[in-house]
Undergrad: 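Mind having a look at this structure? Questions to follow.
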Amino acid sequence: MAQENLFAALRAAFPANLDEIAVETDNGLNYSWRDLDRASAMLANLLQSLGLPKGSRIAVQVEKSVEAMLLYLATLRAGLVFLPLNTAYQSAEIEYFVANAEPAVVVCSSKNFSWVSKIAFKAGTQHVFTLDEDRTGSLLQRAAHHSDRHTTAQNSAQDLAAILYTSGTTGRSKGAMLTHGNMLSNALVLKDYWGWKKGDVLIHALPIFHVHGLFVAIHGALINGSKMIWLSKFEPKRVLAKFAEATVFMGVPTLYVRLLAEPGLSVQSAGHMRLFIAGSAPLLTETFTDWKTRTGHTILERYGMSETVMLTSNPYAADARYGGQKERRAGAVGFPLPGVQLRVQSDDGKAVAQGEIGGLQVKGPNVFSGYWRMPEKTQEEFTADGFFKTGDVGKIDERGYVSIVGRSKDLIISGGYNVYPAEIEGYINDMPGVAESALVGVAHPDFGEVGVAVVIAKSGAHIAPETILANLKSQLANFKIPKRCFVVDELPRNTMGKVQKNLLRAQYKDLFSA
Ligand code: MCA
Ligand code: AMP
């Protein structure tokens, strides 16, 4: 059987001279390619020493660190399944993911060990390790006893490699199952499409518990044998300072908005850079044009999903193989990537006329195999002829450019993180004194879009907005907390009695206007 393990392909792309620097961190640590190979081998040997059945999940909720990336690489090379979890998730959220995914191993930061281990052991997890960003914790201590030689597990393209939790309209997260083939095919397409070349250096300033930072950024650099300048957290000044030593930067729109606020951003300071890529949320035309004016660079916007990795991209350069278009257009997410079929359908499943708005549906080697242990839900989200319904609403213009004009799924994307109104409304509605609530997204100058909660109190009850927010903050990840909360007498409803969120969005649309 051909070896189609993703790590095997990444390892094959390492430079011949393994003593070259692969990762340079913002706290002065350098990791050679040999370090990456040896350390991920030791971690893979530790994981394999546990005797886990094929397909076992390794759940990881740790602060960003090179060692956390090495654990991801080790999971791939051991042929196990990586399950990254946002560090902001609190116990109720972790309880859900652990119960749903039933990981064989959980790796958490030592500060959370007491409550995470309780949840994990209760759910049947056999091993809980700690890993901290200062390179301490039981995981590395145990790995130190293992050999730095490891033969990568034999996997087929269809084998599961990662589970990424995401959610559609239901509000309850679903585990998107990504295979070695989904991710390798996408990495190889993007390597070519974005013109990666020898000597490229990536600035990595994104979290590594989502697709953008974990797959698009890391796979992009590794599959090209490119050095990464590794920032533990996004700090605009630090990113700016690294432009002189790097060539590629990837970010969500908020990162670009914050970099634009830096006086030091200029044609000169961005002169060494080759490519700025944006995605995960809509890039405002204003940000696109301001960036061009300030740096001379045209941001390349692309469109992806946890279920599909990258789907479309604006062109890097005019390339006859891809239609020859050169223009990167603000407000468009470019063209379907090679191998990706994208179509626009109306709600009743009919093709819409060219340029008309409808639901975006996709098919391709990058599209996931389904939601973890949710076959019915998976079936609902695929058409009879095998297209995945993205839940995004868009159109394709006469030159083939795809634009996303909205979402049919009730989703707020705040600073690149997804916030599911159904989930937040559920928590608010469970609070004493609350009769009903609605969470709507409104424009925000920094995060792009943020949640605003509109709440109806039970008759005779009195509940203060700050009480609602404090209650949510004690249970949910900080980025999910509505930025404002209003307690009102009634919610606008249509004739069917459904809350008209569009009217609420209109009512609060100027709440954060700069
Ligand atoms: C932080 N805060 C936020 C967010 N981040 N509020 C709303 N939305 C956010 N995204 C709040 C915190 O709750 C906290 O509030 C305060 O801001 C400061 O927290 P801190 O963590 O210091 O914030 P930050 O450093 O300013 O973080 C902003 C950020 C971060 C750097 C933009 O959100 C970020 O790294 N976003 C990238 C997300 C990402 O990687 N998305 C890719 C998803 P308080 O003090 O009140 O608690 S993958 C994807 O979407 C698809 C597949 C694709 O196409 O890529
Ligand atoms: P996730 O649920 O984290 O996989 O995020 C995927 C969603 O992010 C997509 O379904 C889109 O709604 C949104 N998204 C990703 N890239 C873009 C983009 N370039 N423009 C607008 N929305 C985007």
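Start at 1 and go down the list; that is how both ligands and their atoms are numbered.
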Undergrad: Please find the pair of heavy atoms, one from V402 and one from P336, that lie closest to each other, and give the distance.
TA: CG2-CD, 4.1 Å
Undergrad: With atom 21 (C) of ligand 2 as the reference point, say which of G279, P282, A176 has the nearest heavy atom.
TA: P282
Undergrad: Below 4.0 angstrom, counting only protein heavy atoms, does anything approach atom 36 (N) of ligand 1?
TA: yes
Undergrad: When rounded to the nearest 0.5 angstrom, what distance separates CZ in R258 from CG in L265?
TA: 15.0 Å
Undergrad: Given the rule in the salt bridge (Lys or Arg N to Asp or Glu O under 4.0 Å) test, do K111 and E63 qualify, once you have shown the distances and angles that lead to the verdict?
TA: CA-CA 11 Å; K111 68 181 189 298; E63 296 302 324; 3.4 Å; yes
Undergrad: If the threshold is 4.0 Å, N to carboxylate O, is there a salt bridge linking R505 and E449?
TA: no
Undergrad: Number the atoms of ligand 1 from 1 as they appear, then name those within less than 4.0 Å of a heavy atom of H210, with their elements.
TA: 43 (C), 48 (S)
Undergrad: Run the numbers on E307 and K409 for salt bridge (Lys or Arg N to Asp or Glu O under 4.0 Å), then give the verdict.
TA: CA-CA 14 Å; E307 292 93 333; K409 51 195 170 186; 5.8 Å; no
Undergrad: Under 4.0 Å from a heavy atom of V211: give me the atoms of ligand 1 that qualify, with their elements.
TA: 48 (S), 52 (C)
Undergrad: Identify the heavy atoms of Q61 and N86 that sit nearest to each other, and give their distance.
TA: NE2-O, 3.0 Å
Undergrad: Measure across G137 and T130 and return the closest heavy-atom pair with its distance rounded to 0.1 Å.
TA: CA-OG1, 3.3 Å
Undergrad: May I ask you to list the atoms of ligand 2 that are less than 4.0 angstrom from any heavy atom of I404?
TA: 20 (N), 21 (C), 22 (N)
Undergrad: K233 heavy atoms, cut-off 4.0 Å: which ligand 1 atoms fall inside?
TA: 20 (P), 21 (O), 22 (O), 24 (P), 25 (O)
Undergrad: Kindly give the heavy-atom pair with the smallest separation between I412 and G441, and that separation in Å.
TA: CD1-N, 3.6 Å
Undergrad: Considering only non-hydrogen protein atoms, determine which one is nearest to atom 4 (O) of ligand 2 and report residue, atom name and distance to 0.1 Å.
TA: S306 N, 2.5 Å
Undergrad: Taking 4.0 angstrom as the limit and counting only heavy atoms of G415, give me the atoms of ligand 1 inside it, by number and element.
TA: 10 (N), 32 (C), 33 (O), 36 (N), 37 (C), 38 (C)
Undergrad: Below 4.0 angstrom from a heavy atom of T254, which ligand 1 atoms are there? Numbered from 1 as shown, please.
TA: 32 (C)
Undergrad: For K395, does the NZ atom sit with more than 12 other heavy atoms under 6.0 Å from it, leaving out its own atoms?
TA: no
Undergrad: List the closest protein heavy-atom neighbour of atom 12 (C) of ligand 1: residue, atom name, distance to the nearest 0.1 Å.
TA: N478 ND2, 3.6 Å
Undergrad: State which residue, out of V333, V393, T390, fulfils the side chain to side chain contact (heavy atoms under 4.5 Å, CB included) condition with I404.
TA: V333
Undergrad: From atom 18 (C) of ligand 1, is the closest protein heavy-atom distance below 4.0 Å?
TA: no
Undergrad: Regarding ligand 1, does L206 bring an N or O atom to under 3.5 Å of one of the ligand's N or O atoms?
TA: no
Undergrad: Can a salt bridge be assigned to the pair R329 and D397 using a cut-off of 4.0 Å between side-chain N and carboxylate O?
TA: yes
Undergrad: Going by the atom numbers of ligand 2, which of them fall below 4.0 Å from some non-hydrogen atom of R302?
TA: 16 (N), 18 (C), 19 (N)
Undergrad: Kindly identify the option in M305, K480, R258, K473 whose heavy atom sits closest to atom 24 (P) of ligand 1.
TA: R258
Undergrad: Would you mind running through ligand 2 and noting each atom that sits below 4.0 Å from a heavy atom of I413?
TA: 8 (O), 12 (O), 13 (C)
Undergrad: Answer yes or no for R328 and F288: cation-pi contact, defined as NZ/CZ to six-membered ring centre under 6.0 Å and angle to ring axis within 45°.
TA: no
Undergrad: For ligand 2, which atoms have a heavy atom of R407 less than 4.0 angstrom away?
TA: 12 (O)
Undergrad: Should you measure from each heavy atom of E301, which atoms of ligand 2 turn up under 4.0 Å away?
TA: 18 (C), 19 (N), 20 (N)
Undergrad: Answer with yes or no whether P207 contacts ligand 1, where contact means a heavy atom under 4.0 Å from a ligand atom.
TA: yes
Undergrad: Output the list of atoms in ligand 1 that are nearer than 4.0 Å to some heavy atom of S306, sorted by atom number.
TA: 52 (C)
Undergrad: Does the protein put any heavy atom within less than 4.0 Å of atom 21 (O) of ligand 1?
TA: yes
Undergrad: Distance under 4.0 Å to a non-hydrogen atom of T166: what atoms of ligand 2 satisfy this?
TA: 2 (O)
Undergrad: Do N112 and Y89 meet the criterion of a side-chain donor-acceptor pair at a distance under 3.5 Å?
TA: no
Undergrad: Using the side chain to side chain contact (heavy atoms under 4.5 Å, CB included) rule, take C485 and V455 through it: C-alpha gap first, then chi angles, then the decisive distance, then the call.
TA: CA-CA 7 Å; C485 176; V455 182; 3.9 Å; yes
Undergrad: Is it the case that over 12 heavy atoms from other parts of the model lie below 6.0 angstrom from the CG atom of D347?
TA: no
Undergrad: Answer yes or no: does atom CD of E286 have more than 12 heavy-atom neighbours from other residues, nucleotides or ligands under 6.0 Å?
TA: no
Undergrad: Hey, is atom 29 (C) of ligand 1 touched by any protein heavy atom at less than 4.0 Å?
TA: no
Undergrad: Aromatic ring centroids of Y256 and F249 under 6.0 Å?
TA: yes
Undergrad: Is the NZ or CZ atom of R484 both under 6.0 Å from the centre of the six-membered ring of Y508 and within 45° of that ring's axis?
TA: no
Undergrad: Nearest to atom 15 (C) of ligand 2, what protein heavy atom do you find, and at what distance?
TA: G304 O, 3.3 Å
Undergrad: Should one rank S414, G304, A477, A281 by closest heavy-atom distance to atom 7 (C) of ligand 1, which comes out on top?
TA: S414
Undergrad: Check for me whether K174 meets the cation-pi criterion with Y371, that is, NZ or CZ under 6.0 Å from the six-membered ring centre and within 45 degrees of the ring axis.
TA: yes
Undergrad: Return the option from E449, E307, R302 holding the heavy atom at the smallest distance from atom 54 (O) of ligand 1.
TA: R302
Undergrad: Take F388 and F368 through the test side chain to side chain contact (heavy atoms under 4.5 Å, CB included) and record every step on the way to the result.
TA: CA-CA 9 Å; F388 172 62; F368 76 142; 3.6 Å; yes
Undergrad: Would you check the N or O atoms of T390, main chain and side chain alike, for any that come under 3.5 Å of an N or O of ligand 2?
TA: no
Undergrad: Can an N or O of D392 be found at a distance shorter than 3.5 Å from an N or O of ligand 2?
TA: yes
Undergrad: Do you know which two heavy atoms are closest between V107 and L71, and how far apart they sit?
TA: CG2-CD2, 3.8 Å
Undergrad: May I ask you to identify the nearest protein heavy atom to atom 33 (O) of ligand 1, giving residue, atom name and distance to one decimal place in Å?
TA: Y417 CE1, 3.4 Å
Undergrad: Give me the nearest non-hydrogen protein atom to atom 5 (N) of ligand 1 as residue plus atom name, then the distance to 0.1 Å.
TA: F447 CE2, 3.9 Å
Undergrad: Looking only at protein heavy atoms, identify the closest one to atom 16 (N) of ligand 2 and say how far it is in Å.
TA: S280 N, 3.2 Å
Undergrad: Checking contacts now, so for atom 15 (O) of ligand 1, which I'm interested in, is there any protein heavy atom under 4.0 Å?
TA: no
Undergrad: Quick one: look up the protein heavy atom nearest atom 31 (C) of ligand 1 and list residue, atom name and how far away it is.
TA: L255 CD2, 3.9 Å
Undergrad: For atom 1 (P) of ligand 2, what is the closest protein heavy atom, and at what distance to 0.1 Å?
TA: N418 ND2, 3.1 Å
Undergrad: Could you check atom 41 (N) of ligand 1 against the protein and tell me its nearest heavy-atom contact, residue, atom and distance included?
TA: G416 O, 3.0 Å
Undergrad: Return the closest protein heavy atom for atom 6 (N) of ligand 1 as residue, atom name and distance.
TA: K483 NZ, 2.9 Å
Undergrad: In the protein, what heavy atom is nearest to atom 50 (O) of ligand 1, and what distance, to one decimal place, separates them?
TA: S280 CB, 3.3 Å
Undergrad: Polar contacts were defined as any N/O atom of the residue lying under 3.5 Å from an N/O atom of the ligand; does this apply to E307 and ligand 2?
TA: no
